[in-house]
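Written below as structure tokens is the structure these notes are about.
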Amino acid sequence: VLGYSREEALHMNVGRIVAPEYRHFLDQALSEAAEQKPFTDVELEVITKTGTRLTVEVRSRMLYENGQPIGVQGVARNVTARKRVEQQVHLQATALKAAAIGIVITDPEGAIHWVNPAFTALSGYPLAELVGKNPRLLKSGQHGPEFYRGMWETIKSGSVWQGEIVNRRKDGTFYNEELTITPVRDAAGAITHFLAIGQDITLRKRAEEARAQLASIVESSSDAIFALTLEGTILSWNAGAERIFGYAAD
């Protein structure tokens, strides 16, 4: 693990191996061992002979002879790989929590395990009221059973579901959500969780509806309504313009 031969290590001060910023932990462990605590556990960073840093868990105890301390025995376990995984998980969890879009994690049966702050703000439900519940509590009544059945069959088969859905907040108001649900698999390929990522598109949908309504009004008007570029090229031509001028839009 450390790269030193037995001959090199014997009679070397252990402080040479422990990273400088962790030596106070070493001093603490030795102090606790001297206080005759059965075992002292500490996590340190050590420096190998080649200069590489490793994270190790050390369990130490004081050795006695005739009631007098004669030394310290330690067992170190290299946990560098585990610490890297923990750091990666921490970074991912932090990113999920900080995301501006709503994120929900459920078990394979749909029970909610975790939601991020963006989702609680969007839905109006605090985390405590969501954990263990099924996302069906957000149902708006705007979709029929076949809509949810198709969604469920898609994700249970291991495929990703994407679409738009209308949900209901805790206060009863509706919101439009652009939703992606992804199955999460373990090493054996079994589905262990579902990850749902949703973005509030209510304002966008309202703008789209307003534009569609305006386009409908323009198209159905008996007046000739058309749009031109600054050079005079026709960009739009409504039914009224067709009737008055005789030219079809195309």
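Heavy-atom basis, side chains included; hydrogens, waters and symmetry copies ignored. Note that the numbering runs from 1 along the sequence shown for the chain. The structure displayed is predicted, hence computed values, not measured ones.
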If hydrophobic clusters are built by linking Ile, Leu, Val, Met, Phe, Trp and Tyr wherever their side-chain heavy atoms come under 4.5 Å apart, do [X] and [Y] end up in the same one?
X: Ile155; Y: Leu195; value: no
X: Val115; Y: Val131; value: yes
X: Ile165; Y: Val160; value: no
X: Leu54; Y: Val14; value: yes
X: Ile70; Y: Val72; value: no

Answer yes or no: is there a side-chain heavy-atom contact under 4.5 Å between [X] and [Y]?
X: Phe119; Y: Leu130; result: yes
X: Leu138; Y: Glu177; result: no
X: Trp114; Y: Ile103; result: yes
X: Val42; Y: Tyr22; result: no
X: Ser236; Y: Ile225; result: no
X: Thr55; Y: Glu43; result: yes
X: Pro20; Y: Arg23; result: yes

Main chain of [Y], side chain of [X]: is a donor-acceptor contact present, judged purely on distance under 3.5 Å?
X: Asp223; Y: Gly240; answer: no
X: Asn116; Y: Ile101; answer: yes
X: Ser140; Y: Phe174; answer: no
X: Thr154; Y: Gly150; answer: yes
X: Glu8; Y: Ser5; answer: yes
X: Thr202; Y: Tyr175; answer: no
X: Arg53; Y: Glu45; answer: no
X: Asn66; Y: Gln68; answer: no
X: Thr173; Y: Arg169; answer: no
X: Gln142; Y: Asn167; answer: no

Separation between [atom1] of [X] and [atom2] of [Y], rounded to the nearest 0.5 Å:
X: Thr182; Y: Ile105; atom1: OG1; atom2: CD1; value: 11.0 Å
X: Leu44; Y: Glu57; atom1: CG; atom2: CD; value: 10.0 Å
X: Asp200; Y: Leu179; atom1: CG; atom2: CG; value: 12.0 Å
X: Asn238; Y: Ser222; atom1: CG; atom2: OG; value: 9.0 Å
X: Tyr4; Y: Ile17; atom1: OH; atom2: CD1; value: 6.0 Å
X: Ile112; Y: Glu129; atom1: CD1; atom2: CD; value: 11.5 Å

- Aromatic ring proximity, centroids under 6.0 angstrom, Trp161 and Tyr148: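 Judged by ring-centre distance (under 6.0 Å), Tyr148 and Trp161 do not meet the cut-off.
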Taking all heavy atoms of [X] and all of [Y], pick out the closest pair and write down the distance.
X: Pro108; Y: Thr192; result: CD-O, 3.1 Å
X: Pro183; Y: Ile191; result: CB-CD1, 4.0 Å
X: Ile234; Y: Leu228; result: CG1-CD2, 3.5 Å
X: Glu164; Y: His143; result: O-CE1, 4.3 Å
X: Thr120; Y: Leu127; result: CG2-N, 3.9 Å
X: Lys156; Y: Phe194; result: CD-CZ, 4.0 Å

In this structure, are over 12 heavy atoms from other groups packed under 6.0 Å from [X] atom [atom1]?
X: Tyr247; atom1: OH; result: no
X: Gln213; atom1: CD; result: no
X: Arg77; atom1: CZ; result: no
X: Arg84; atom1: CZ; result: no

Is a salt bridge present between Arg204 and Glu208, judged by a nitrogen-to-oxygen distance below 4.0 Å?
->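 Salt bridge flag = yes for Glu208 with Arg204.
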### Message
Using a strict threshold of under 4.0 Å (side-chain N to carboxylate O), is an ion pair present between Lys83 and Glu86?
### Response
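Yes.
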Q. Relative to each other, are the rings of His193 and His113 parallel, tilted or perpendicular (30° and 60° limits)?
A.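 His193 and His113: perpendicular rings.
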task = Measure the acute angle between the ring planes of Phe245 and Phe226, then classify it against the limits of 30° and 60° as parallel, tilted or perpendicular.
result =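 Aromatic pair Phe245/Phe226 classed perpendicular.
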